[in-house]
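Below is one structure, written out as structure tokens, with a few remarks after it.
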Amino acid sequence: MDISQKLIAKLKSAKSILFFTGAGISAESGIDTFRGKGGLWNKMSAQELASFDGFMKNPNLVWEWYQYRRKIVRETEPNAGHKVIAQLEKHFNKVTVVTQNVDNLHKRAGSSNILELHGNIERNFCMDCKTFYGVENFLDSEKAPRCKKCGGIIRPDVVWFGETLPQEIFAEAERKATESDICFIVGTSAVVYPAAYIPISAKEAGATLVEINIEATEITNQVDYSIIGKAGEVLPKLFELFLE
Ligand code: BJW
Ligand code: ZN
């Protein structure tokens, strides 16, 4: 891998690093991405499974799909990519992870500053009284469960199409982006907004953008460095200097 000396020098002087991650960083853990080869949206309908209208039309089908994905997430482990990002907290003043993923793998890898833009698959909430429920409450529920307090329908705490992102988390992510010296864009197609504004905000505030992906994406022509390769291989190689 040819990583220019200029990037290495930038890394050495960086104080604040931001990782903007997507489904591709978890691909090597065995979790399907949404788009591209083998992507979930190639075989399933985003409208039916990841929208509020889809859920209201058929809550049991959507619930079943999330239960299936939760089972996969529980059986997987963070990979080398997640782990390197977590280890970097020892070497840089500020490391922030802004993730579109709902799989909790950054947390399980040990990262401590994580901003989840699209929620977390391990949480649910009652649509009526907003009580939160962890996944452990419904391990065997094949149908969308009802709230123990008010009888309302319980849904996964994730952000579906057409829904607003958690406003405070998004604002904090924007703040961290504008404070960052380097922003790594890892394993995301960068087509889903407003999440995809995060690296753009970082760039506008002067950060160096580095993309790590197995192929070129919507954002490649705006980055300073594009590294084509798997996150679980590129990240350990790129940071080996700092991890020794
Ligand atoms: C590897 C690798 C390896 C593989 N190593 N790389 C402006 C224009 C047009 C539309 C819109 C717009 N603004 C808003 C919209 C609508 C919409 C949107 O953006 N649509 C576009 C798709 C066109 N946005 C929304 O609806 C958002 N809300 C919103 O805008 O609210 C305001 C509003 C309110 C009311 C009315 C209108 C607006 C909400 C978006 C929510 C997205 N939700 C999902 C599901 C989450 C829950 C769940 O998991 O079930 O989030 S969809 C899905 O996409 C998921 C992801 O977080 C998100 C992003 O995907 P990601 O992570 O980039 O994955 P992929 O699969 O796309 O890419 C994987 C990449 O990895 C690829 O590039 C591979 O090459 C790479 N890769 N292996 C490195 N080993
Ligand atoms: Zn309730």
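Note that ligands are numbered from 1 as they come in the structure, with each ligand's atoms numbered from 1 the same way.
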Evaluating non-hydrogen atoms only, which member of [options] is closest to [atom]?
atom: atom 73 (O) of ligand 1; options: Asn213, Leu165, Ile212; answer: Asn213
atom: atom 58 (C) of ligand 1; options: Val192, Asn101, Asp157; answer: Val192
atom: atom 45 (C) of ligand 1; options: Val159, Ile227, Val186, Ile185; answer: Val159
atom: atom 56 (C) of ligand 1; options: Tyr193, Phe170, Phe34; answer: Phe34

Is there a path from [X] to [Y] through hydrophobic residues (I, L, V, M, F, W, Y) whose side chains come within less than 4.5 Å of each other?
X: Leu115; Y: Phe170; value: yes
X: Val95; Y: Val84; value: yes
X: Ile185; Y: Phe19; value: no
X: Phe239; Y: Val210; value: yes
X: Ile153; Y: Trp63; value: no

SB check [X] [Y] (cutoff 4.0 Å):
X: Glu218; Y: Arg35; result: no
X: Arg108; Y: Glu77; result: yes
X: Asp224; Y: Lys6; result: no

Quick check for you: with the Zn ion (ligand 2) as the vertex, what angle do SG of Cys129 and SG of Cys126 span, to 10°? 110°
SG (Cys147) to the Zn ion (ligand 2) to SG (Cys150): angle, nearest 10 degrees?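 Vertex the Zn ion (ligand 2), arms to SG of Cys147 and SG of Cys150: 110°.
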Please determine whether any non-hydrogen atom of [X] lies less than 4.0 Å from an atom of ligand 1.
X: Gly36; answer: no
X: Pro194; answer: yes
X: Lys37; answer: no

Would a search of protein heavy atoms around [atom] find one under 4.0 Å away?
atom: atom 53 (C) of ligand 1; value: yes
atom: atom 8 (C) of ligand 1; value: no
atom: atom 16 (C) of ligand 1; value: no
atom: atom 11 (C) of ligand 1; value: no
atom: atom 42 (C) of ligand 1; value: yes

Quick one: nearest non-hydrogen protein atom to [atom], plus distance?
atom: atom 3 (C) of ligand 1; result: Gly24 O, 3.3 Å
atom: atom 4 (C) of ligand 1; result: Ile214 CD1, 3.6 Å
atom: atom 31 (O) of ligand 1; result: Glu163 O, 3.0 Å
atom: atom 60 (O) of ligand 1; result: Arg35 NH1, 3.1 Å

Is there a nitrogen or oxygen of [X] sitting under 3.5 Å from a nitrogen or oxygen of ligand 1?
X: Tyr66; result: yes
X: Ala231; result: yes
X: Glu28; result: yes
X: Ala23; result: yes
X: Gly187; result: yes
X: Phe161; result: no
X: Trp65; result: no
X: Gln100; result: yes
X: Gly162; result: yes
X: Trp160; result: no

Crowded around Glu179 CD? As in, over 12 foreign heavy atoms under 6.0 Å?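 Buried by this count: over 12 neighbours within 6.0 Å.
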Side-chain contact, heavy-atom cut-off 4.5 Å: Lys37 with Glu215? no
Looking at every heavy atom in both [X] and [Y], which two are closest together, and how far apart are they?
X: Met56; Y: Pro59; answer: O-CD, 3.7 Å
X: His82; Y: Leu105; answer: NE2-CB, 3.6 Å
X: Ala195; Y: His118; answer: CB-NE2, 4.1 Å

Side-chain donor-acceptor contact under 3.5 Å, [X] with [Y]:
X: Asn79; Y: Glu28; answer: no
X: Asp157; Y: Asn120; answer: no
X: Asn113; Y: Thr96; answer: no
X: Thr21; Y: Thr99; answer: yes
X: Glu211; Y: Thr220; answer: yes

Show which atoms of ligand 1 fall inside a sub-4.0 Å distance from at least one heavy-atom site of [X].
X: Val158; answer: 47 (C)
X: Val102; answer: 49 (O)
X: Gly22; answer: 62 (O)
X: Ala27; answer: 78 (N)
X: Val191; answer: 19 (O), 21 (C), 22 (C)
X: Thr188; answer: 61 (P), 63 (O), 70 (C), 71 (O), 73 (O)
X: Glu215; answer: 75 (O)

Using the benzene-type ring in the case of Trp, are the ring centres of Phe52 and Trp160 under 6.0 Å apart?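 Ring centres of Trp160 and Phe52 not closer than 6.0 Å.
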Would you call the rings of Phe161 and Trp41 parallel, tilted or perpendicular if under 30° counts as parallel and over 60° as perpendicular?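 Rings of Phe161 and Trp41: tilted, as their planes differ by 30° to 60°.
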Select one of side chain, backbone, both or neither to describe which atoms of Arg69 lie under 4.0 Å from any atom of ligand 1, heavy atoms only.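 The part of Arg69 near ligand 1 is the side chain, not the backbone.
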